[in-house]
Amino acid sequence: MEVRYKSTRSDIEVSASQAVLQGLSRDGGLFVPTAIPALTEPMEELADMSYQELAYVVMSKFLSDYTEEELKACIAGAYDSKFDTPAIAPLVKKDGVYYLELFHGATIAFKDMALSILPHLMTTAAKKNNVKGKIVILTATSGDTGKAAMAGFADVPGTEIIVFYPKDGVSHIQERQMVTQRGANTHVVAIKGNFDDAQSAVKRMFNDPALNEEVHAAGYQFSSANSINIGRLVPQIVYYVYAYAQLVKSGEIKAGEKINITVPTGNFGNILAAYYAKQMGLPVGKLICASNENKVLTDFFATGEYNKNREFILTSSPSMDILISSNLERLIYRICGDNAAECRKLMESLAAKGVYRITPEMKERLDDFRGGFATEKENFAGIKALYEKTGYVIDTHTGVANAVYRAYAKKTGDKTKTVIASTASPYKFAAAVIGAIAPDKVAGKSDFELIDELHRISGVAEPPAITDIRTAPVRHNTVCAVDEMPDTVRKILGVQ
C-alpha cells in the first residue's frame, strides 16, 4: 500500500519523498500520512531484529515510494559507528521504570535518532524527484535540533544549512556545540528573541513567495530539518517499537501487554511519534505528555484550550521552553476527523489571537493522552532522589518526564509498566544536573569543571561530543534581530 501525504490545511497531496523534500507544505500546513499503516509483524519476530532491521520494517511502511535498496542504504548510513552502542537506543531499568536512552549519537541528544538519517532521506528524495538546485535546510532550534541537524548535513553535497537559535535561550554547552560546528555549508545565527520567535519567523520565510522566488532563481530551494518535516517524525516512531520489542525479548512484558510512555515535550514531535506507533497497533496505554513550567500543553489537555498568551519562562530544560508546539497541529488534524478546513481555522486563530479551543467531541479523542508539568524544584528533587536511590544520573529534560510520571503514578495508582523517553545526556546540562544532585559543588566552577564533577558523580565516561568542544574554535558568531532573519538568509546565500 502506498502511503501518501496530505497537508493539514488543504487538499494538497504529495508522495513521501516529496514531503521529505519540501518539509512544510506551501499552504503553511504540515504533511500527514493519508493512512497510518498497521504493524502486522509478530512481536516475537520484531524482538529478534537489530535496530537497523526494525527501522526498515517500520519506515518502509511510511516511506513507500523509496525502494528497498534506497531505504536500506539510508538506514545503514545513519545507524552506524557514530552511535556509541550497538543497541542504538538501549533501555535501562531503574527504580521500576524503563529509561529509553536516546542520546547515544554524535551530539548526545535524541535529535540524533532522526537527524542522522534525514540527510540520507533528503538527498535520495532529491535524486528521485530530479531536483537540480541546492537544498537549503532552514531550521529554528531550542537547543538540540540545530547541532544534530548540522552534524548530519555538514558537507553533504548539494545542501546548505542555516540554523537560528535564541541567543540567551540555550545552555552554554548547547551554544558551544553549535558555534564550533565544522562544515563549509553550515551557518549558525543567534537571534535576539526566544525559540517561538525563531520558529515563527522560519515558517514565515517558508511561506514568503517573494523570498522563495529569489532563492529559487539563485538555484536554491528551502526545506526543513525541524520535526515539522515528516522525514524527522517517521524515524522517531522506530525507537518506540524497538523499546517495546526489547521489553518482550527480555521477558519484562508479554507480547500484547500494554505499556505507558512518558515523553518530555516541547514541540510535540517526539510524543506524536509515540502516538503514531500506538495508531499502528503497538500496545500502548497512556501517553503522558510532560511539560516544564511552560505548561501550555498541560493546560490544553486539561481544558481543550490552547493559549500561548502567557509568560515565557526560561528553565533548566531549555529544549522544552516552547509555547507554540508546532507538531500538535498534526494531532489536531487527526482528532478533527482529517478536516483540513477546520484545522486551518484553528491554526489561523492561534496565529492571529494566540489561542484556539477544540470541540468537546475532539477533546474526547484525546483520551490516549495525559498531561502534567513539573516545576524546577520538583524536577531537581526527582533527579536527586533517583541518583541517591540508584546511582543513575538523568538530564533535566528526562528529569521533567521522571517527575511528571512519578506524580501521575501516585495520583492515579496506574501500575502499568512505563517507558520514559530519556532525551539528552546529563553531560549536556551538567551545571543544572550538578545543581540538583550536589548544589554545594556548583559555586565558582566553570562549565567544564562541572562536567568533570559530573564524571566523578556518575562514573559515566565523558562523551566525545563534549571533549570535542573543549578546545574547538568558534566558527560562527552572527547575531540578528528577528525581523532581520530573511535578509540574513539572503546574505548567507548571496542572493541580495
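Just so you know, residue 1 is the first one in the sequence shown, and it goes up from there.
Val355 meets the side-chain contact (heavy atoms from CB on, under 4.5 Å) test with Glu305, Asn307, Asn309, Lys353; sequence neighbours excluded. With sequence neighbours left out, Ala421 forms a side-chain contact (heavy atoms from CB on, under 4.5 Å) with Leu102, Tyr240, Val263, Pro264, Asn270, Thr423. Asp84 meets the salt bridge (charged side-chain N to carboxylate O under 4.0 Å, His left out) test with no other residue; sequence neighbours excluded. For Ser200, there are no side chain to side chain donor-acceptor pair (under 3.5 Å) partners at least two apart in sequence or on another chain. Here Asp367 pairs with Lys286, Arg370 under the side-chain contact (heavy atoms from CB on, under 4.5 Å) rule; sequence neighbours left out. Under the side-chain contact (heavy atoms from CB on, under 4.5 Å) criterion, Thr124 pairs with Tyr66, Glu70, Cys74, Lys128, sequence neighbours left out.
Salt bridge present: Glu329 and Arg9 bring a charged side-chain N and a carboxylate O closer than 4.0 Å. Here Arg470 pairs with Asp452 in a salt bridge; the nearest charged N to carboxylate O distance falls below 4.0 Å. The residues Glu348 and Lys345 are annotated as not salt-bridged, no charged nitrogen and carboxylate oxygen being separated by less than 4.0 angstrom. Salt bridge Lys6/Glu13: absent, no basic N to carboxylate O contact under 4.0 Å.
More than 12 heavy atoms of other shown residues, nucleotides or ligands fall within 6.0 angstrom of atom CZ in Arg475.
Applying the salt bridge (charged side-chain N to carboxylate O under 4.0 Å, His left out) test to every pair with at least one member in residues 177-198, sequence neighbours left out, gives these pairs: Arg182-Asp468. For residues 212-221, the set of pairs meeting the side-chain hydrogen bond (donor to acceptor under 3.5 Å, both in side chains) definition, not counting sequence neighbours, comprises Glu214-Arg490. The ring-ring contact (aromatic ring centres under 6.0 Å, His included) analysis of residues 152-182, with sequence neighbours excluded, yields no pairs. Contacts classified as salt bridge (charged side-chain N to carboxylate O under 4.0 Å, His left out) and involving residues 149-175 (residues at least two apart or in different chains) are given here: Lys134-Glu160, Lys167-Glu175.
Side-chain atoms of Ser17 and Asn129 include a donor-acceptor pair closer than 3.5 Å. Between the side chains of Thr315 and Glu293, not a single donor N or O lies within less than 3.5 Å of an accepting N or O. If you check the side chains of Ser422 and Thr398, you find a donor sitting under 3.5 Å from an acceptor. Residues Asn294 and Asp321 bring a donor and an acceptor atom of their side chains to less than 3.5 Å of each other. Side chains of Asn229 and Ser224: no donor on one and acceptor on the other come within 3.5 Å. In summary, the side chains of Ser316 and Glu376 do present a donor paired with an acceptor at a separation below 3.5 Å, with no hydrogens or angles considered. With hydrogens and angles left out, the side-chain atoms of Gln199 and Asn267 include a donor and acceptor closer than 3.5 Å.
Under the salt bridge (Lys or Arg N to Asp or Glu O under 4.0 Å) test applied with Asp299, the options Arg310, Lys308, Arg357 reduce to a single match, Arg310.
Side-chain atoms of Gln18 come within 3.5 Å of backbone atoms of Ser15 as a donor-acceptor pair (strictly under, hydrogens ignored). Formation of a donor-acceptor pair under 3.5 Å by the Lys445 side chain with backbone atoms of Lys441 is found in this model. A distance-only check finds a donor-acceptor pair linking the side chain of Thr141 to the backbone of Gly146 [under 3.5 Å]. The closest donor-acceptor contact from the side chain of Glu484 to the backbone of Ala481 lies under 3.5 Å. Side chain of Ser325 to main chain of Asn327: no donor-acceptor pair is present (N/O by atom type, distance under 3.5 Å, no hydrogens or angles). Put simply, the side chain of Thr359 gets close to the backbone of Met362: a donor and an acceptor are under 3.5 Å apart. Ser25 places no side-chain N or O within donor-acceptor distance of the main-chain N or O of Phe31, the cut-off being under 3.5 Å. Asn207 contributes a side-chain N or O that, together with a main-chain N or O of Lys203, makes up a donor-acceptor pair within less than 3.5 Å.
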Ignoring hydrogens and angles, write down the donor-acceptor pairs under 3.5 Å from the side chains of residues 400-407, residues two or more places apart or on other chains.
residue, atom, partner, partner atom, Å
Asn402, OD1, Tyr99, OH, 2.7
Asn402, OD1, Arg406, NE, 3.1
Asn402, OD1, Arg406, NH2, 3.4
Arg406, NH1, Asp95, O, 3.1
Arg406, NH1, Asp95, OD2, 3.4
Arg406, NH2, Tyr99, OH, 3.0

Compile the donor-acceptor pairs under 3.5 Å between side chains in residues 428-437 and protein atoms, sequence neighbours left out, one pair per line.
residue, atom, partner, partner atom, Å
Lys428, NZ, Thr107, O, 2.9
Lys428, NZ, Asp144, OD1, 3.0
Lys428, NZ, Gln177, OE1, 3.0

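Contact between Val163 and Met178 at its shortest, heavy atoms only, is CG1-SD, 4.2 Å. Across Asp65 and Ala16, no two heavy atoms sit closer than the pair OD1-CB, 3.3 Å. Of all heavy-atom pairs spanning Val58 and Phe62, the tightest one is O-CD1, 3.5 Å. The minimum heavy-atom distance linking Ile394 with Gly399 is given by the pair CD1-CA, 3.7 Å. Looking at every heavy atom in both residues, Thr8 comes nearest to Gly29 through OG1-CA, 3.5 Å.
Ring to ring, Tyr427 and Phe103 are not that close: their centroids are 6.0 angstrom or more apart.
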